[in-house]
Amino acid sequence: MAQKPSIPKGTRDFSPAEMVKRNYIFDTVKSVFQKYGYLPIETPAMENLSTLLGKYGEEGDKLLFKILNSGDYLKKADSALLAEKASNKVITQLSEKGLRYDLTVPFARFVVQHQNEISFPFKRYQIQPVWRADRPQKGRYREFFQCDVDVVGSNALLNEVELIQIVDDVYRLLDINVVLKLNNRKVLSGIAEIIGAADQIVDITVAIDKLDKIGLDKVNEELASKGLSQEAIDTIQPIIMLSGTNAEKIVKLKEVLSKSEIGLKGVSELESVLNYLDVLKLDLEVELDLTLARGLNYYTGAIFEVKAKDVEIGSITGGGRYDDLTGIFGLKDVSGVGISFGADRIYDVMNQLELFPKADGAKTRALFVNFGGEDELYAMKTLADVRKAGVNAELFPDAAKMKKQMTYANRKEIPFVVLTGEVERKSGNVTLKNMETGEQSQLNLDELIKVISI
RNA sequence: GUGAUUGUAGCUCAGUUGGUUAGAGCGCUGGAUUGUGGUUCCAGAGGUCGCCGGUUCGAGACCGGUCUUUCACCCCA
């Protein structure tokens, strides 16, 4: 027991059955991305630590997996820092690489590095694992896949709209009921501005974001504890408690934010996006939600988040506009907007709701029983013809007992078993057994292919 | 990072106030049935009770530590 091998906390193995389901999600997402003109890229699992550090806030830095330098890494470290065990200061001397934390920052790095080969607007998607040194819990893993779509080099709000269309398409294809929550960082900045607390925008959004969980009183308490005056708190009450249709919310926001230039800009952006969406008549429910703040520091415009309606789990998709992400890497004035589908959470949702399609082309349709010798050769030849006809089929590798071979077929849920023994070989036919009904029949090759094809 | 929680056979779990050789169901292997699975019957294999240490005549059970599981907070996909 003790010697049983294991895998690191928060990581998982995926069985063949699970991979078939996961690939269904990846294939669906990919097909939608490509339909909108996005093309794939990949970046390395590890990045230079300097690329990653400082991009996700102080919390994010702690959650980065750092990779120890090769060789005698302790020798190069400052002995004074080592002695005082100053982990934070010493780490950059011990590690210069880290596992990627998301796909957006590596993408920004990619854009800057390859700026001369890229023509803008640049639309790419990226489906790869990311790693976070979080404590695992429900719907939270240390290694998980993100499916990112981003477009950079265009300020047009049409891009925001297109991403929402993609969300609509993906979740319609996957048959998951979702609600897309929409907000705009400029609106949040405007709110901070009108109450004269522009530098506390983060505190305010974090507090407002908790409305669902802790309730209005606690939010107000938290705002007060962050140093907001009672007057300021009173001013933003109507905003925190905003209700009605999206259009009604827009009207109210315009009133409240009438003295904030940036706030009005945000409202107008939201309005434009919603107007576009009206034309498209999506299935997707889009809800203007000011409590949606998102912690990531780099969003500057639209913010999206998608939640599954029928399962209690964190957001399954999230994203937004970031005006200056590439600026950190030295390329100014390239605005981008993107979203990320959380494949693992989508998997959990679909699994719980049993939304995965049953029939599957990936499975074996027929097992050829191996009788050895001449019969084995006859089976191989027939099998090759069946495969040429496009049917997934396999031959049991050993001339094992029939019972064992039948059990194998049964366990693998293979619907047909083909018997090609001495009798069949001499007649040039095969015996086909339907594993569900138990019926058997004598068929020639063409008839066989016809019956076992999907 | 904070606070809880879990760990006994491949899997799901029993195991009394500490007491002799740690159990069940399912699964697995073999046989009944040497060219027929899924049903039935019979037999069998399989455990250093997560790990390290402590208390005790005696620990799966009690204590400490550690790892692991799950969950909440934080944050997020």
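Sequence lines set the chain letters: A, B, ... in the order given, protein chains first and strands last, and positions in each chain run from 1.
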Peer 1: If I pick the P atom on B/rA24 and the same atom on B/rC62, what distance separates them, to the nearest angstrom?
Peer 2: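 Roughly 24 Å separates the two P atoms.
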
Peer 1: Go through residues 396-405 of chain A and report each residue with a non-hydrogen atom lying under 4.0 Å from RNA chain B, sorted by number.
Peer 2: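 Correct list: A/Lys401, A/Met402, A/Lys403.
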
Peer 1: How many Å lie between CD on A/Glu436 and C1' on B/rG38, as a whole number?
Peer 2: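 Nearest whole value for this atom pair: 11 Å.
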
Peer 1: Rounding to an integer number of angstrom, what distance separates B/rC26 and B/rC42 when you compare their P atoms?
Peer 2: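 It works out to 12 Å between them.
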
Peer 1: Mind checking who B/rG25 pairs with, Watson-Crick or G-U wobble, both distances under 3.5 Å?
Peer 2: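 B/rG25 is paired, partner B/rC11.
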
Peer 1: Between B/rU68 and A/Lys9, counting only base atoms on the nucleotide and side-chain atoms on the residue, is there a donor-acceptor pair under 3.5 Å?
Peer 2: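 Check fails, no donor-acceptor contact within cut-off.
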
Peer 1: What about A/Glu424, does its side chain sit under 3.5 Å from the base of B/rG35 through a donor-acceptor pair?
Peer 2: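 Yes, the side chain and the base share a sub-3.5 Å donor-acceptor pair.
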
Peer 1: Is there a side-chain polar atom (N or O) of A/Arg142 under 4.0 Å from OP1 or OP2 of B/rC75?
Peer 2: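 Checking A/Arg142 against B/rC75: no side-chain N or O falls below 4.0 Å of OP1 or OP2.
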
Peer 1: How far does the P atom of B/rU2 sit from the matching atom of B/rG18, given to the nearest Å?
Peer 2: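 It works out to 33 Å between them.
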
Peer 1: Quantified in whole Å, what is the P atom distance between nucleotide B/rG60 and nucleotide B/rC52?
Peer 2: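 It comes out at 13 Å once rounded to the nearest Å.
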
Peer 1: Go ahead and name the base partner of B/rA32; Watson-Crick or wobble counts if both distances stay under 3.5 Å, otherwise write none.
Peer 2: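 Checking every strand shown, B/rA32 finds its partner in B/rU40, with both distances under 3.5 Å.
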
Peer 1: Using a heavy-atom cut-off of under 4.0 Å over every strand shown, decide if A/Lys138 touches base, sugar-phosphate, or nothing.
Peer 2: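 Sugar-phosphate contact only - A/Lys138 comes under 4.0 Å of backbone atoms but never of a base.
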
Peer 1: Taking the same atom, C1', in B/rU29 and in B/rG46, what whole-Å distance lies between them?
Peer 2: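 Result for the C1' pair: 10 Å, nearest Å.
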
Peer 1: Among B/rC28, B/rU36, B/rU68, which nucleotide has an atom closest to any side-chain atom of A/Leu419?
Peer 2: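 Side chain of A/Leu419 sits closest to B/rU36.
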
Peer 1: Tell me the interatomic distance from A/Lys433, atom NZ, to B/rG37, atom P, rounded to whole angstroms.
Peer 2: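 Interatomic distance, NZ of A/Lys433 to P of B/rG37: 7 Å.
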
Peer 1: Mind calculating the distance between CD (A/Gln137) and P (B/rC73) to the nearest angstrom?
Peer 2: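 Distance, rounded to whole Å: 7 Å.
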
Peer 1: In whole Å, what is the span from the CZ atom of A/Arg132 to the P atom of B/rC75?
Peer 2: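 Whole-Å distance recorded here is 14 Å.
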
Peer 1: Identify the residue among A/Tyr171, A/Phe304, A/Phe26, A/Phe145 that makes a ring pair (Phe, Tyr, Trp, His ring centres under 6.0 Å) with A/Phe341.
Peer 2: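 With A/Phe341 as partner, A/Tyr171, A/Phe304, A/Phe26, A/Phe145 yield a single ring pair (Phe, Tyr, Trp, His ring centres under 6.0 Å), made by A/Tyr171.
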
Peer 1: Any chance the rings of A/Tyr378 and A/Phe371 have centres within less than 6.0 Å?
Peer 2: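 No; A/Phe371 has its ring centre 6.0 Å or more from that of A/Tyr378.
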
Peer 1: Nearest-Å distance, CG (A/Leu367) to C1' (B/rG35)?
Peer 2: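 Distance, rounded to whole Å: 14 Å.
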
Peer 1: Taking A/Lys426 first and then A/Glu422, would you say they form a salt bridge - that is, a charged N and a carboxylate O separated by under 4.0 Å?
Peer 2: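 Here A/Lys426 pairs with A/Glu422 in a salt bridge, since their nearest N and O are under 4.0 Å apart.
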
Peer 1: Are A/Asp61 and A/Lys55 ion-paired here, with the side-chain N under 4.0 Å from a carboxylate O?
Peer 2: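 The answer is no: the pair does not qualify as a salt bridge.
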
Peer 1: Should the pair A/Asp148-A/Arg124 be classified as a salt bridge under the 4.0 Å nitrogen-to-oxygen rule?
Peer 2: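 Salt bridge flag = yes for A/Arg124 with A/Asp148.
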
Peer 1: Between A/Val423 and A/Thr11, which has a closest nucleotide on RNA chain B that is more 5'?
Peer 2: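 Its nucleotide being nearer the 5' end, the pick is A/Val423.
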
Peer 1: Give me the distance, rounded to whole Å, that separates B/rU36 from B/rG47 when you measure between the C1' atoms they each carry.
Peer 2: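 Going atom to atom, C1' in each nucleotide, I get 36 Å.
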
Peer 1: Mark yes or no for a side-chain to base donor-acceptor pair under 3.5 Å between A/Arg135 and B/rG3, with no hydrogen or angle criteria applied.
Peer 2: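 Per atom types, the contact qualifies.
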
Peer 1: Can the ring centres of A/Tyr125 and A/Phe33 be said to be less than 6.0 Å apart?
Peer 2: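 Ring centres of A/Phe33 and A/Tyr125 closer than 6.0 Å.
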
Peer 1: The side chain of A/Arg345 is closest to which nucleotide in this list: B/rA77, B/rC71, B/rC74?
Peer 2: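 Looking only at heavy atoms from C-beta outward on A/Arg345, the closest nucleotide is B/rA77.
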
Peer 1: Between A/Lys123 and A/Glu162, is there a side-chain N and carboxylate O pair less than 4.0 Å apart?
Peer 2: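 The answer is yes: the pair qualifies as a salt bridge.
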
Peer 1: Listed in order of residue number, which residues of residues 437-447 of chain A have a non-hydrogen atom at under 4.0 Å from RNA chain B?
Peer 2: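 The answer is A/Gly438, A/Gln440.
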
Peer 1: Starting at atom CD of A/Glu312, determine the distance to atom C1' of B/rA72, rounded to an integer number of angstrom.
Peer 2: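 From A/Glu312 CD to B/rA72 C1': 13 Å.
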
Peer 1: Salt bridge or not between A/Asp169 and A/Lys35? Use side-chain N to carboxylate O under 4.0 Å.
Peer 2: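 Yes, A/Asp169 and A/Lys35 are salt-bridged.
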
Peer 1: Suppose we define a pair by two distances each less than 3.5 Å, Watson-Crick or G-U wobble; what does B/rU2 pair with here?
Peer 2: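 B/rU2 is paired, partner B/rA72.
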
Peer 1: Rounding to a whole Å, what distance do you find between A/Glu59:CD and B/rU2:P?
Peer 2: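 Atom CD in A/Glu59 sits about 12 Å away from atom P in B/rU2.
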
Peer 1: Quick one: A/Phe26 CZ to B/rA77 P, roughly how many Å, whole number?
Peer 2: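 It is 16 Å, rounded to the nearest whole Å.
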
Peer 1: Considering non-hydrogen atoms only, spot the tightest contact between A/Ser335 and A/Arg321 and give its length.
Peer 2: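 A/Ser335 and A/Arg321 have their closest heavy atoms at OG-NH1, 2.7 Å.
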
Peer 1: Pick base, sugar-phosphate or nothing for A/Tyr408, based on heavy-atom distances below 4.0 Å to the nucleic acid.
Peer 2: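 Since no nucleic acid heavy atom lies under 4.0 Å of A/Tyr408, the category is nothing.
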
Peer 1: Between the base of B/rG37 and the side chain of A/Asn410, is there a donor and acceptor pair under 3.5 angstrom?
Peer 2: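 Between B/rG37 and A/Asn410, which were checked side chain against base, a qualifying N/O pair under 3.5 Å is present.
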
Peer 1: So for A/Arg140 and B/rC74, does any side-chain atom that can act as donor or acceptor lie under 3.5 Å from a complementary atom in the base?
Peer 2: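 For A/Arg140, whose side chain was compared with the base of B/rC74, there is a donor-acceptor pair (under 3.5 Å).
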
Peer 1: In terms of the nearest nucleotide of RNA chain B, which residue is placed more toward the 5' end: A/Ile7 or A/Gly342?
Peer 2: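 In this pair, the answer is A/Ile7.
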
Peer 1: Between A/Glu47 and A/Lys97, does any NZ, NE, NH1 or NH2 come within less than 4.0 Å of an OD or OE carboxylate oxygen?
Peer 2: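 Here A/Lys97 does not pair with A/Glu47 in a salt bridge, since their nearest N and O are not under 4.0 Å apart.
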
Peer 1: Ring stacking, A/Phe371 with base of B/rG35, under 5.5 Å and under 30°?
Peer 2: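 Here A/Phe371 fails the 5.5 Å or the 30° condition.
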
Peer 1: Look at A/Asp168 together with A/Arg172 and state whether they make a salt bridge at an N to O cut-off of under 4.0 Å.
Peer 2: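 Result for this pair is yes, salt bridge flagged.
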
Peer 1: Taking atom P in both B/rA22 and B/rG35, what distance in whole Å separates the two?
Peer 2: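 Approximately 42 Å lies between the P atom of B/rA22 and that of B/rG35.
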
Peer 1: Looking at every strand, decide which applies to A/Gly60 at a 4.0 Å heavy-atom threshold: base, sugar-phosphate, or nothing.
Peer 2: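 No contact.
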
Peer 1: May I ask you to say whether A/Glu394 pairs ionically with A/Lys412, meaning some side-chain N is under 4.0 Å from a carboxylate O?
Peer 2: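 Judged by the 4.0 Å cut-off on N to carboxylate O distance, A/Glu394 and A/Lys412 do form a salt bridge.
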
Peer 1: Give me the distance, rounded to whole Å, that separates B/rG7 from B/rC71 when you measure between the C1' atoms they each carry.
Peer 2: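 Comparing C1' positions in B/rG7 and B/rC71 gives a spacing of 16 Å.
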
